Amino acid sequence: QQPVQSPQAVILREGEDAVINCSSSKALYSVHWYRQKHGEAPVFLMILLKGGEQKGHEKISASFNEKKQQSSLYLTASQLSYSGTYFCGTETSGNQFYFGTGTSLTVIP
Amino acid sequence: ETGVTQTPRHLVMGMTNKKSLKCEQHLGHNAMYWYKQSAKKPLELMFVYNFKEQTENNSVPSRFSPECPNSSHLFLHLHTLQPEDSALYLCASSQGGTGGDSPLHFGNGTRLTVT
């Protein structure tokens, strides 16, 4: 029931773009995205709700394809501070909420 | 300073010890959670409390015992743990519910090592 994230790891140079995908085998009601830096707490990035509403605190964009049961996180013009592990969390029917396995993102100068 | 505070940050305990993890949130949220984070595994939900009532126990062994005396405090009591219980234990809070449109706010976690 947990969502599958891809890729598992990615290395970027500063200024490059990246896309992280999150796929579910079940119909989705909402998708959360979090970033966790080493030794720190996961930090909320964005929520995408069924119907298209988005709630976020940072200038990071994401998409939510209800039909395909997946979400993608878009990181453009990456900065060194973007490094960390990105997790998606998905809510399915019955208020079931599961996190994905994470995508390790490393931005190098 | 994070709105969710966890203590201690690190804990080493023997298999016969009894210890407790503490979590406090200063965000006025109604729901609190315990998650376990092990290497190479997704975050695993352990317990959920909504308005101090336990609404979810995700098949967690009885050697883990949660306590939520009020909506701002959450404890995880540990006894007779196994080495495989070594992990990072994260506390989180949200406005309410079990996900949905309420973001989770995490503490920095307690790194637990069972020897």
Side-chain angles (χ1 to χ4, degrees), chain A residues 1-6 8-9 20 22-24 26-58 60 62 64 71 84-104, chain B residues 1-7 9-10 21 23-27 29-50 53-59 87-112:
Chain A
Q1 292 183 352
Q2 73 191 53
V4 176
Q5 285 185 235
S6 63
Q8 287 187 324
I20 300 173
C22 175
S23 297
S24 172
K26 296 195 167 191
L28 297 176
Y29 288 80
S30 71
V31 179
H32 294 211
W33 285 98
Y34 295 83
R35 176 174 60 212
Q36 184 178 27
K37 294 183 180 285
H38 184 69
E40 297 181 11
V43 173
F44 165 73
L45 295 176
M46 177 169 287
I47 286 180
L48 300 104
L49 304 175
K50 194 175 179 179
E53 186 180 356
Q54 293 187 19
K55 297 181 184 180
H57 299 311
E58 295 187 26
I60 291 176
F64 181 11
S71 174
T85 301
Y86 289 76
F87 295 97
C88 69
T90 56
E91 183 193 15
T92 59
S93 63
N95 277 334
Q96 297 294 306
F97 187 82
Y98 295 95
F99 279 99
T101 48
T103 295
S104 172
Chain B
E1 182 184 330
T2 177
V4 180
T5 305
Q6 287 187 244
T7 54
R9 289 296 307 273
H10 301 273
L21 310 185
C23 176
E24 184 175 358
Q25 59 98 358
H26 313 276
L27 300 168
H29 289 164
N30 299 313
M32 295 189 77
Y33 311 74
W34 280 116
Y35 278 89
K36 177 182 178 183
Q37 187 174 33
S38 305
K40 310 286 185 187
K41 285 187 176 181
L43 285 157
E44 298 173 59
L45 179 65
M46 300 175 71
F47 302 104
V48 182
Y49 279 82
N50 258 305
E53 298 293 321
Q54 187 179 118
T55 56
E56 189 152 347
N57 175 338
N58 212 20
S59 303
L88 181 68
Y89 288 84
L90 289 163
C91 173
S93 69
S94 71
Q95 271 300 100
T98 54
D101 63 354
S102 301
L104 294 167
H105 295 257
F106 286 90
N108 283 324
T110 294
R111 173 68 62 185
L112 174 68

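Just so it is clear, the structure is predicted and the values come from calculations on it, not from any experiment. Letters A, B, ... mirror the listed sequences (proteins, then strands); counts begin at 1.
Of the atoms belonging to Leu90(B), it is side-chain heavy atoms, and not backbone ones, that fall under 4.5 Å from chain A. Contact of Arg9(B) with chain A is made through the side chain alone, with heavy-atom distances under 4.5 Å. Using a 4.5 Å cut-off between heavy atoms, Glu44(B) does not touch chain A at all. Residue contact with chain B, scored on non-hydrogen atoms closer than 4.5 Å, involves the side chain of Phe87(A) exclusively.
Residue Ser102(B) comes nearest to His32(A) through the heavy atom pair O-CE1, 3.3 Å, listed as atom of the first residue, atom of the second, then distance. Closest of all the heavy-atom pairs between Ala41(A) and Phe106(B) is CB-O, 3.7 Å. Annotation for Phe44(A) and Pro103(B): closest pair CD1-CB, 3.4 Å, computed over non-hydrogen atoms. Heavy-atom minimum distance, Leu88(B) versus Gln36(A): CD2-NE2, 4.2 Å. Phe97(A) and Leu104(B) get closest at one heavy-atom pair: CE2-CD1, 4.1 Å.
Other residues, nucleotides and ligands contribute more than 12 heavy atoms inside 6.0 Å of the NZ atom of Lys37(A). Enclosure of atom CD in Gln8(A) is not indicated, since only 12 or fewer non-hydrogen atoms of other residues, nucleotides or ligands lie within 6.0 angstrom.
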